[in-house]
Amino acid sequence: MSTTEKKMNVESFNLDHTKVKAPFVRLAGVKEGINGDVIRKYDIRFCQPNKEHLEMPAIHSLEHMMAEFSRNHSDRIVDISPMGCQTGYYLALINHDDYEDVLDLLEKTLNDVLTADEVPACNEVQCGWAASHSLEGAKEAAKKMLEKRSEWTTVFE
């Protein structure tokens, strides 16, 4: 059995990246805790896999900005993490199952990015690689993502 046929433990490794059409926002996983809390993980894909990617300083700044600004709109956020492939982010929320609300949350957060004057926590005290940031790159990525807002719900061609 080849690796493309074998079911992998990581959900995104089972996703055919040649069939998706970025940008999109999709539910990538659901985990229920022993006490009944439910974590939903969303794949927020900014770039077409294997065709384009975000540059690291922009990814880093967008991570800081989305992590900070999104929490102004929701108290359900567990984490926002960049993908190693540099094509998007994972967003994890606890006890929240409203997909349309997630899209609205992302839209509000990205609009906050567009109006920001600085990257939050962009200094050596609060960041592990403060020299690697791009406010302009983060804003450009947010702008491009927002321009395709009507396409976020379509994952496959």
Side-chain angles (χ1 to χ4, degrees), residues 9-15 17 20-33 37-50 52-155:
N9 292 321
V10 177
E11 186 276 340
S12 66
F13 295 167
N14 296 307
L15 175 69
H17 287 67
V20 298
K21 182 187 163 295
F24 60 80
V25 179
R26 73 179 183 93
L27 180 63
V30 179
K31 297 277 185 193
E32 186 170 341
D37 286 318
V38 177
I39 303 262
R40 284 178 176 76
K41 180 176 81 171
Y42 292 88
D43 173 341
I44 302 173
R45 200 65 63 130
F46 280 68
C47 299
Q48 185 62 34
N50 299 299
E52 58 182 350
H53 68 280
L54 299 169
E55 296 298 325
M56 282 309 299
I59 289 171
H60 191 187
S61 294
L62 197 51
E63 174 199 12
H64 276 229
M65 297 167 94
M66 289 196 306
E68 181 64 21
F69 301 156
S70 64
R71 287 169 168 88
N72 293 330
H73 305 293
S74 176
D75 62 355
R76 303 295 178 135
I77 294 163
V78 175
D79 189 40
I80 296 179
S81 308
M83 295 176 180
C85 63
Q86 299 174 235
T87 63
Y89 296 82
Y90 286 114
L91 167 64
L93 297 124
I94 190 164
N95 299 328
H96 185 286
D97 64 355
D98 185 337
Y99 176 72
E100 290 299 323
D101 189 57
V102 171
L103 299 178
D104 290 343
L105 166 67
L106 179 59
E107 182 177 5
K108 289 175 189 172
T109 300
L110 293 176
N111 276 312
D112 290 345
V113 170
L114 294 182
T115 61
D117 296 326
E118 63 182 8
V119 177
C122 179
N123 60 69
E124 291 186 5
V125 172
Q126 296 174 292
C127 178
W129 191 233
S132 177
H133 280 282
S134 172
L135 175 62
E136 299 76 23
K139 286 185 174 206
E140 181 60 29
K143 181 177 176 282
K144 285 176 66 176
M145 186 72 169
L146 284 166
E147 286 172 353
K148 304 277 184 141
R149 169 64 171 92
S150 64
E151 300 175 24
W152 291 358
T153 59
T154 305
V155 177

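Every value quoted in this text rests on a predicted model; they were computed, and no experiment measured them.
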J.: Report the distance from atom CG of D79 to atom NZ of K41, rounding to the nearest 0.5 Å.
T.: 11.0 Å

J.: Is the F46-Y89 ring centre distance short of 6.0 angstrom?
T.: yes

J.: Can you see which heavy atom on H64 is nearest to which on P120, and at what distance?
T.: ND1-O, 2.7 Å

J.: Taking side chain to side chain donor-acceptor pair (under 3.5 Å) as the definition, give me every residue that meets it alongside N95, ordered by chain and number, with sequence neighbours left out.
T.: D37

J.: State, without any angle test, whether T87 and H53 hold a side-chain donor-acceptor pair at a distance under 3.5 Å.
T.: no

J.: Which heavy atom of V119 sits nearest a heavy atom of H133, and at what distance?
T.: CG1-ND1, 3.7 Å

J.: Charged N to carboxylate O under 4.0 angstrom, E11 versus R26?
T.: yes

J.: Pairs under 3.5 angstrom only: tabulate donor-acceptor contacts from the side chains of residues 101-110 to other protein residues two or more places apart or in another chain.
T.:
unit_1 : atom_1 : unit_2 : atom_2 : d
D101   : OD2    : H96    : NE2    : 2.7
D104   : OD1    : R149   : NH2    : 3.3
E107   : OE1    : R149   : NE     : 3.1
T109   : OG1    : L105   : O      : 2.8

J.: State whether K144 and E140 are salt-bridged, where the test is any N-O pair (Lys NZ or Arg NE/NH1/NH2 against Asp/Glu carboxylate O) under 4.0 Å.
T.: no

J.: Ring pair (Phe, Tyr, Trp, His ring centres under 6.0 Å) with F24: which residues, sequence neighbours excluded?
T.: none

J.: Stepwise, does the side chain to side chain contact (heavy atoms under 4.5 Å, CB included) test hold for C122 with H60?
T.: CA-CA 10 Å; C122 179; H60 191 187; over 6 Å; no

J.: Take atom CD of E147 as the centre, draw a 6.0 Å sphere, and report whether it contains more than 12 heavy atoms from other residues, nucleotides or ligands.
T.: yes

J.: Any non-hydrogen side-chain atom of I59 less than 4.5 Å from a side-chain atom of P82?
T.: yes

J.: Is any side-chain heavy atom of F69 less than 4.5 Å from a side-chain heavy atom of N111?
T.: no

J.: Would you compute the distance between atom SG of C85 and atom NE2 of H17 and round it to the nearest 0.5 angstrom?
T.: 6.0 Å

J.: Just wondering, more than 12 heavy atoms not from N123 lying within 6.0 Å of its CG?
T.: yes

J.: What do the steps show when you test V38 against I94 for side chain to side chain contact (heavy atoms under 4.5 Å, CB included), and what is the final call?
T.: CA-CA 6 Å; V38 177; I94 190 164; over 6 Å; no

J.: Tell me if a side-chain donor or acceptor on Q86 pairs with a main-chain N or O of C47 at a distance below 3.5 Å.
T.: no

J.: Assess the residue pair I39 and L93 against the criterion (side chain to side chain contact (heavy atoms under 4.5 Å, CB included)); give the C-alpha distance rounded to whole Å, side-chain angles, the decisive distance to 0.1 Å, and a yes or no.
T.: CA-CA 6 Å; I39 303 262; L93 297 124; over 6 Å; no

J.: For residues K21 and E151, determine if any side-chain heavy atom of one lies less than 4.5 Å from a side-chain heavy atom of the other.
T.: yes

J.: Between T153 and Y99, which heavy-atom pair has the shortest distance, and what is it?
T.: CA-OH, 3.4 Å

J.: For M83 and D43, work out which heavy atoms get closest and say how close.
T.: CE-OD1, 3.2 Å

J.: At what distance, to the nearest 0.5 angstrom, does CG of L114 lie from NZ of K143?
T.: 8.5 Å

J.: For residues L15 and R45, report the shortest heavy-atom separation together with the two atoms involved.
T.: CD2-NH2, 4.2 Å

J.: Can you tell me how far the CD1 atom of I80 sits from the CG atom of L91, to the nearest 0.5 Å?
T.: 5.0 Å

J.: Please give me the minimum heavy-atom distance between S70 and M66, naming the atom from each residue.
T.: OG-O, 2.6 Å

J.: Find the distance between CG (L54) and OG (S134) and round it off to the nearest 0.5 Å.
T.: 10.5 Å

J.: Please tell me if the side chains of S12 and Y90 come closer than 4.5 Å, counting only heavy atoms from C-beta onward.
T.: yes

J.: If you measure from CE on M145 to CD1 on I44, what distance do you get to the nearest 0.5 Å?
T.: 6.5 Å

J.: Under a 3.5 Å distance rule, please check whether S61 uses its side chain to pair with a backbone N or O of A58 as donor and acceptor.
T.: no

